[in-house]
There are 2 protein chains.
Amino acid sequence: MADKVTIADVARIAGVSRQTVSNALNSPEVVRPETRQRVLEVVEELGYRVNLAARQMRTGRSGLIAIRIDPAGDGINGSVFDRFLHGLTESAAEAGYRLLLYTAGDDDKEIAAFEDLLGAHEPDAFVLTSTHHKDPRTSWLLDRKLPFVTFGRPWSELPEVPHPWVDVDGSAGTEAATEHLLATGHRRIAFLGWPSGSGVGDDRREGWRRALAGAGLDPTGLSRATSDAIADGEAAARDLISGDPDITALVCASDSLALGALQVARSPNPAWHAEAYRRIAVVGFDDTPVAKAIGLTSVHQPLTEAAARCMQLLSRALERTPPGTILLPPSLVVRQSA
Amino acid sequence: MADKVTIADVARIAGVSRQTVSNALNSPEVVRPETRQRVLEVVEELGYRVNLAARQMRTGRSGLIAIRIDPAGDGINGSVFDRFLHGLTESAAEAGYRLLLYTAGDDDKEIAAFEDLLGAHEPDAFVLTSTHHKDPRTSWLLDRKLPFVTFGRPWSELPEVPHPWVDVDGSAGTEAATEHLLATGHRRIAFLGWPSGSGVGDDRREGWRRALAGAGLDPTGLSRATSDAIADGEAAARDLISGDPDITALVCASDSLALGALQVARSPNPAWHAEAYRRIAVVGFDDTPVAKAIGLTSVHQPLTEAAARCMQLLSRALERTPPGTILLPPSLVVRQSA
DNA sequence: AGGCATGATTTGATCGTTCAAGTTAAGGAA
DNA sequence: TTCCTTAACTTGAACGATCAAATCATGCCT
């Protein structure tokens with residue numbers, strides 16, 4: 001409380017110089033073991049802790065990792081980022097770093113935020129999420145040789161310069177989902193996703209297509225694209241199902257879409273005249289709390305591990321080692337819906 | 001990028017001293033308007049940004065606000081904290097602060113984290129969540145006269161020393177929920193909550209009791225307490241409903257419990273012999289994404305506003321003004337379930 | 001014995017900012 | 001004219017750590 005213990009205090013009481021205390025803590029190998037021992041005892045006794053602001057002035061290292069957090073808590077899918085964030089906070093702490101949050105409306109504002117942060121708090125690294133085609137943020141950071149990792153692949157056709165990234169293999173997820181449906185007897189399996197152009201969305205569609213192709217089935221006419229909202233998912237699912245009476249299962253690019261699809265799948269459709277209730281299997285993506293709550297089968301992303309891997313790559317990047325990339329396999333959580 | 005612009009650079013180019021630049025930025029009133037103008041132009045031109053580490057060394061202020069984030073993404077109810085966090089990040093940014101995350105297993109570890117942080121990053125203030133009876137964290141911070149706000153009331157009987165807090169009036173929420181049910185014709189309305197002892201839980205039960213009392217109804221035997229999980233909610237709801245055939249509605253202390261209750265409410269109970277499907281109205285608490293997704297009527301907490309109010313009180317606390325307290329009213333979001 | 005490499009520790013300078021005290025010039029009162 | 005006050009700005013020191021260079025032993029080789 002009242003006591004601000006500095007390195008000079010420790011030095012005086014241990015009977016050594018400031019630098020020796022610094023060395024005992026940061027470069028133990030250059031200090032004689034018994035001296036080091038004595039210093040550490042005094043450090044313990046006085047409760048000394050390095051003042052990061054002072055260290056930062058000399059070394060330029062702040063011990064901070066910056067990550068963007070979006071202003072609006074965005075319903076169902078926001079939880080993916082949040083779970084990742086929780087994991088990252090812990091992994092970062094283990095590596096001796098702390099997370100600094102910032103907000104930014106779009107890519108340009110985020111780059112402005114980079115400049116702000118670098119001038120002010122000077123984070124040692126950045127973690128970027130939701131990467132996309134031609135992401136200006138990664139090139140900006142690469143140009144300045146700033147350490148960063150993305151959670152999400154660089155979705156550009158030709159990755160000019162490589163950078164470290166961690167991602168979950170979305171296509172493997174939808175492929176597993178589709179194979180599960182095939183194994184349980186479904187033959188006409190549709191896909192409900194987003195308009196092509198988004199790396200994540202296209203990737204997830206590809207996994208479904210691959211599984212169908214592997215079973216010798218034709219995907220033509222079995223795919224719909226819409227924006228990521230429950231109501232849109234419901235409409236698209238209704239369209240798909242009423243247009244093709246043989247469809248018995250739906251693989252969706254998100255739990256939001258799947259939730260919309262479930263509205264259709266779980267209730268009889270009055271348009272089908274005399275036709276009785278037709279049960280449609282539905283699989284979602286992300287394994288959000290909503291999926292768990294309502295028994296929706298969904299593709300689970302190992303977010304805690306992804307966060308740990310991000311920190312791992314970041315540690316390497318901070319030592320200026322060439323970038324690594326990690327693609328994690330998701331897992332299918334089977335519940336009542338499929 | 002390569003350029004580290006310091007206050008000395010600005011001073012040299014503007015033809016003034018370092019201190020005058022500092023004053024132009026921090027204490028404009030002591031500088032002649034035209035000088036100030038010139039300095040600001042150079043600042044703009046060079047893209048000067050104050051180095052917070054250096055400032056912190058002199059002033060002791062870091063521009064950081066620390067807040068704990070729990071390691072595990074905890075399903076449904078975690079989203080309440082996450083939404084609050086998103087809002088707080090934005091409010092903090094508007095006030096010129098940034099959020100620093102840390103983790104801690106329990107109260108004692110959190111206090112250890114306080115010590116770590118204060119020695120290292122030196123946050124200017126703390127935001128505490130999930131306050132409870134005899135919370136050791138608040139007394140620790142009060143003892144050291146450190147600025148902080150809690151999101152959650154001090155739940156102790158006698159608040160020895162006051163501290164700033166923001167909270168949402170839970171009892172008003174359950175009261176509104178119960179009144180809504182009364183208004184729609186329900187007479188026998190049960191409450192599904194947590195074991196007494198938790199401030200939040202007791203408060204929410206109290207609102208329900210108050211509404212019943214207001215309508216001249218007896219709450220005896222209409223309340224159950226259990227832990228906060230879907231399965232527990234289902235079991236307790238089944239117990240309540242099968243034990244009292246007149247119950248037509250359930251007010252729950254959380255969306256998790258409500259979700260469990262819905263499993264019972266929405267399906268016919270085989271135990272009721274010939275009795276037909278009995279529809280039970282259910283109201284949840286927190287208005288989580290799950291509630292929105294499945295049409296659960298729920299009590300909504302104004303989390304973005306709560307976050308903004310926290311920052312407001314924090315700003316005051318940082319100026320050492322006497323603590324303020326703010327109790328926000330929640331709102332009932334009526335959906336299909338009630 | 002002298003020279004030299006090596007290990008262990010100390011000393012002085014520095015990072016970029018703000019505080020506290022000092023300087024300068026201009027204006028007003030006696 | 002002289003002295004004092006005030007406004008506007010400048011100067012030196014300090015925050016607490018680390019870097020780079022200097023010092024001081026110690027042991028080994030010739």
Side-chain angles (χ1 to χ4, degrees), chain A residues 2-40 42-43 46-64 96 116-124, chain B residues 2-40 42-43 46-64 96 116-124:
Chain A
D3 50 342
K4 274 220 169 186
V5 186
T6 77
I7 205 171
D9 298 326
V10 176
R12 186 166 30 79
I13 297 185
V16 294
S17 68
R18 298 180 322 254
Q19 188 60 38
T20 298
V21 175
S22 177
N23 286 336
L25 295 169
N26 303 317
S27 319
E29 70 280 5
V30 308
V31 167
R32 203 159 34 131
E34 58 209 74
T35 312
R36 176 173 135 80
Q37 183 59 29
R38 185 155 34 94
V39 170
L40 292 186
V42 177
V43 163
L46 300 185
Y48 167 77
R49 281 182 166 84
V50 295
N51 179 320
L52 290 183
R55 162 181 290 175
Q56 187 181 343
M57 282 204 71
R58 278 308 288 165
T59 66
R61 296 204 147 191
S62 62
L64 293 172
D116 266 351
L117 284 163
L118 290 167
H121 289 284
E122 299 188 285
D124 296 333
Chain B
D3 49 343
K4 274 220 169 186
V5 185
T6 76
I7 207 170
D9 298 325
V10 176
R12 186 165 30 79
I13 296 187
V16 294
S17 69
R18 300 180 322 256
Q19 187 61 38
T20 298
V21 177
S22 177
N23 286 336
L25 294 169
N26 303 319
S27 319
E29 70 281 4
V30 308
V31 167
R32 204 162 32 137
E34 57 209 76
T35 313
R36 176 172 136 80
Q37 183 59 28
R38 185 154 35 92
V39 170
L40 292 186
V42 177
V43 162
L46 300 185
Y48 167 78
R49 281 183 168 81
V50 20
N51 180 319
L52 290 182
R55 164 180 290 173
Q56 186 182 344
M57 282 205 72
R58 277 309 288 167
T59 66
R61 295 203 146 192
S62 62
L64 293 173
D116 266 350
L117 284 164
L118 290 167
H121 290 283
E122 300 188 283
D124 296 334

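Chain A is the first sequence line, chain B the second, and so forth, proteins listed ahead of strands; every chain is numbered from 1. Just so it is clear, the structure is predicted and the values come from calculations on it, not from any experiment.
One N or O on the side chain of B:Arg36 and one on the backbone of B:Ala24 form a donor-acceptor pair closer than 3.5 Å. With hydrogens and angles disregarded, a donor-acceptor distance shorter than 3.5 Å links the side chain of B:Thr59 to the backbone of B:Arg55.
At the heavy-atom level, B:Arg61 lies nowhere under 4.0 Å from the strands shown.
Residue A:Ile7 contributes atom CD1, which lies 15 Å from atom P of C:dT9 at whole-angstrom precision. Going from atom CD of A:Glu29 over to atom P of C:dA8 covers 10 Å, rounded to whole Å. Remark: P of C:dG16 and CZ of A:Arg58 are 9 Å apart, rounded to the nearest angstrom. In this structure, the CZ atom of A:Arg12 is 20 Å from the P atom of C:dT9, given to the nearest Å. If you measure from atom CZ of A:Arg36 to atom P of C:dA8, you get 13 Å, rounded to the nearest angstrom. In this structure, A:Asn51 atom CG and C:dT17 atom P are separated by 17 Å, rounded to whole Å. Across the protein-nucleic acid pair, A:Gln56 atom CD and C:dT14 atom C1' stand 15 Å apart, rounded to whole Å. To the nearest angstrom, P of C:dA13 lies 17 Å from CE of A:Met57.
Phosphate contact (OP1/OP2 of C:dT18, side-chain N/O of B:Asn26, threshold under 4.0 Å): present. The phosphate of C:dG16 has neither OP1 nor OP2 within less than 4.0 Å of any side-chain N or O from B:Thr6. Taking 4.0 angstrom as the limit, A:Thr20 places a side-chain polar atom (N or O) nearer than this to OP1 or OP2 of C:dT10. In this structure, A:Arg18 does not reach the C:dT11 phosphate: none of its side-chain N or O atoms is under 4.0 Å from OP1 or OP2. For the OP1/OP2 pair of C:dT17 and a distance below 4.0 Å, the side-chain nitrogens and oxygens of B:Ser22 include no atom meeting the criterion.
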Worked check of side chain to side chain contact (heavy atoms under 4.5 Å, CB included) between B:Thr6 and B:Asn51: CA-CA 8 Å; B:Thr6 76; B:Asn51 180 319; over 6 Å; no
From CA spacing to verdict: side chain to side chain contact (heavy atoms under 4.5 Å, CB included), A:His121, B:Leu64: CA-CA 9 Å; A:His121 289 284; B:Leu64 293 173; 3.6 Å; yes
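With respect to the salt-bridge test (charged N to carboxylate O, under 4.0 angstrom), the residues A:Glu122 and B:Arg49 do not qualify.
Considering A:Val16, A:Ile13, A:Val21 as possible partners of A:Val42, the one that fulfils the side chain to side chain contact (heavy atoms under 4.5 Å, CB included) test is A:Ile13.
Between B:Ile7 and B:Val50 the shortest side-chain heavy-atom distance does not fall below 4.5 Å.
For DNA chain D, the outermost nucleotides in 5' to 3' order that have an atom under 4.0 Å from a heavy atom of chain A are D:dG16 to D:dA20.
Between B:Gln19 and B:Ala54, the residue anchored closer to the 5' end of DNA chain D is B:Gln19, taking for each the nucleotide with the nearest heavy atom.
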